[in-house]
Amino acid sequence: MIPIQLLRKVSIFQGLTDSQLERIAGLCTEETHRAGSLICDEGEPADRLYILREGKVALEMGVRLWPERRIRQMHVETLNPGQPFALSALTDSEVLTMSVRATGDCRFIVLKERDLRRLKGSDAAIGYQISEALVNVLAGRLKDTRLSLTEFLGQSQVAVEQTPEESTAIQRIQYGINFRWVAIAGVILITVVARLGFGISFPTLPILLVAIVIAIYNLALWRYSERLEAEVTADLIPKVRRYVWVQSAADLVATTAIIHFAGGVENPLYLYYVFHVILASIILPYRSAYRLATLAVALFTTLVGLEYFQIIPHVHLEGLVPPDLYLRTPYVLAVLFGFATTLFISTYLTTAISGELRKRQRETVALRDRLLLEAEELQEVNEELVKLDRLKTYFLAMASHDLKTPLAAVQSYLQVLLGGFVGELNPEHRRMLERCTIRIHELFDLINRFLDLAQIEKGRVVEEMEMICIREVLDSCVEEVKVLAAEKSQELKSDIPRELPSVYGSARHLDQVVTNLLSNGVKFTPEQGTIILCARETNNEIEVSVTDTGVGIAPEDLPRLFEQFFRGKGSASAQGTGLGLSIAKRIVEAHHGRIWAESPYADGQPGARFVFTLPKGQPAGIKVFSNSRTEGR
């Protein structure tokens, strides 16, 4: 029996009681496998749950990349002791989607699927715990599989994938085979139509025998092309080119035989040689293409010469041309000259065009490979940046939290000193302690901003969102800032309609945005100035603006105003920590809104105006958890 102490270390059994673990242990057996052995094969029934006790195993998945025919094994993940595999669900008719191979000598804890399912039915608590754990394992495996597949495909594209030249060559082979079947049918059809339809007399039996020979070697070529297509070797292109040259030469010989039995030089279909040469020249290199064209010219010239000198009998197409046409020297020479020039010019044009296309294809492949490698490097750099960003967020949160504790103690001691609890202070000492208090308050404000920044980056803003009354948020902000405005004899106005629609957002964070903008307006507006908070409804948004009559913002500072730690020169943005507007921007964007600044906001008007928008109602795709704030804050 498997010790329950061992089962307690297994991730899917964590949280179960000893009595529950004992029931599971009673169903377990042990297995051992040697290094390199196949434990589970992809496609087999998933009838067992394996838990690795000792050693390591590799999860593999079969992947077939087009146009390859063979299946290649992709490594997905290496499992360590305590991790389960081979059973992703507790339902019937499941098959394994991966293979598992031992990378060393291994020992396993094994549970049969039917026993585990019965246990699930008899004890709902055990069933729920194991099912939930298996779902989590499956989710993690799917993620690992996606990452492994992405990496595998990237490496395959760079290292093993057939080039466009190779793919085109293989496709041309299949096209040639299909074209040859059509040609066989065409030869038979033309022969029948010429004899029966037009009354042209020539021997049909030899032509039909040649067609049968073509069909036989075409079948053999098709079988060889199937084997050739499945190969992924470095010398694939040379093999394909030899194959194309051989089949093209065979076609030329067969065409010559058909032309001989169908009238020789009298038959206008001798121009069909051109089709064979053009199709082959698309794949073959220059020299091979010209050799093939030379072979075609040599075959046809030899045929015409042998018939002209009556070494072999000439087959006359009775009823189509004069009987002595093949003996007329000017005609024969003209046909041979036109035939040869046509073939060589066609070869030149085809090889020139296809050669340039192959060159462009190679350049494209080289560029793609370089981009794939660069993309891989960029992905690694991006992952590193994400890690650094998480570390930065973690550091900000931890450092800010750890700094607040000693600062709070210092602030308490200062309050004790200023309260006179340790004796009277002279004016100079009081002034110095009051300045210390102000600086500590500013430091607290900076730390709180760091904490806000960390919370925003963690997505806490979205977690707090619900349907709220934006008018109540704005009214509350005005009340908070009125005291600051009154201290500088400033006028703080608000123009907020009573019937503003609700928005989906975090009231606390929107309060922070508006308060920050109003406080900035008070800070950078001289005495007797004016700050105005406005809100209005547009088609799909609520637009909120804060306008002041202060010193304004320098034009060169506007593009960078919302960057972290940016502090402009010679304007309102020159003071502060440089975090307030950056935090405001992130909060607004978390609400699917926009924020911007204008300075000057109107011709002849001093100061600045900050505007942000919020979508009305509930944004599409976001679930509303509560609407309590629509009734009041």
Side-chain angles (χ1 to χ4, degrees), residues 172-222 225 244 246-282 292-293 295-308 310 312-328 331-332 334-343 345-347 350:
R172 291 289 182 271
I173 289 175
Q174 194 60 45
Y175 293 161
I177 292 172
N178 295 336
F179 174 76
R180 202 170 287 111
W181 292 121
V182 174
I184 293 170
V187 167
I188 296 174
L189 180 64
I190 292 175
T191 300
V192 173
V193 171
R195 283 296 299 268
L196 301 180
F198 295 95
I200 301 174
S201 177
F202 59 92
T204 57
L205 181 60
I207 295 178
L208 294 177
L209 290 176
V210 173
I212 293 173
V213 171
I214 295 175
I216 292 173
Y217 79 71
N218 193 44
L219 184 62
L221 291 173
W222 173 73
S225 69
V244 171
V246 169
Q247 72 171 6
S248 298
D251 289 339
L252 292 177
V253 173
T255 302
T256 303
I258 292 174
I259 292 295
H260 168 64
F261 292 112
V265 73
E266 297 176 359
N267 193 331
L269 299 182
Y270 66 83
L271 292 176
Y272 279 13
Y273 281 100
V274 178
F275 296 143
H276 295 291
V277 172
I278 289 176
L279 290 174
S281 298
I282 294 174
L292 190 68
L295 175 63
V297 172
L299 287 172
F300 185 65
T301 303
T302 301
L303 172 64
V304 173
L306 291 175
E307 291 182 355
Y308 179 81
Q310 299 182 356
I312 60 175
H314 170 71
V315 177
H316 173 60
L317 296 179
E318 188 176 346
L320 182 64
V321 295
D324 62 341
L325 184 63
Y326 76 100
L327 296 174
R328 296 179 184 179
Y331 172 77
V332 171
V335 168
L336 291 178
F337 176 78
F339 176 76
T341 54
T342 299
L343 245 61
I345 291 174
S346 300
T347 302
T350 305

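These numbers come from a predicted model, not from an experiment.
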OG1-CG distance between Thr302 and Leu295, expressed to the nearest 0.5 angstrom: 9.5 Å
Could you tell me the separation between the NE2 atom of His260 and the CG atom of Leu299, rounded to the nearest 0.5 Å? 13.5 Å
May I ask you to test the His276-Ser248 pair for a side-chain heavy-atom distance under 4.5 Å? no
Is there a side-chain contact between Leu336 and Val297 in this structure, where contact means two heavy atoms from C-beta onward sitting under 4.5 Å apart? no
Would you mind reporting whether Ser225 and Ile177 have side-chain heavy atoms less than 4.5 Å apart? yes
Under 3.5 Å donor-acceptor pairs involving side-chain atoms of residues 203-212, not counting sequence neighbours:
none

Run the numbers on Asp324 and Tyr331 for side-chain hydrogen bond (donor to acceptor under 3.5 Å, both in side chains), then give the verdict. CA-CA 11 Å; Asp324 62 341; Tyr331 172 77; over 6 Å; no
Mind checking the OG1-CD1 spacing from Thr256 to Ile259? Nearest 0.5 Å is all I need. 8.0 Å
Could you check if a side-chain atom of Gln247 sits within less than 4.5 angstrom of a side-chain atom of Asn218, using non-hydrogen atoms only? no
If you measure from OH on Tyr273 to CD1 on Ile278, what distance do you get to the nearest 0.5 Å? 15.0 Å
Rounded distance (nearest 0.5 Å) linking atom OG of Ser346 with atom CZ of Phe275: 10.0 Å
Is it true that the side chains of Tyr270 and Thr255 contain a donor and an acceptor less than 3.5 Å apart? no
Taking the side chain as C-beta and beyond, is there a heavy-atom pair between Phe339 and Val304 under 4.5 Å? no
Can the ring centres of Tyr326 and Tyr308 be said to be less than 6.0 Å apart? no
For a quick test of reading the model, state the closest non-hydrogen atom pair linking Arg328 to Pro322 and the distance between them. NH2-CB, 3.9 Å
Side chains of Tyr272 and Asn267: do they bring a donor and an acceptor to under 3.5 Å? no
Measuring from atom NE2 of His314 to atom CG of Leu325, what distance do you get when rounded to the nearest 0.5 angstrom? 7.5 Å
Test your reading of the model: is there a side-chain donor-acceptor pair from Thr350 to the backbone of Thr347, 3.5 Å cut-off? no
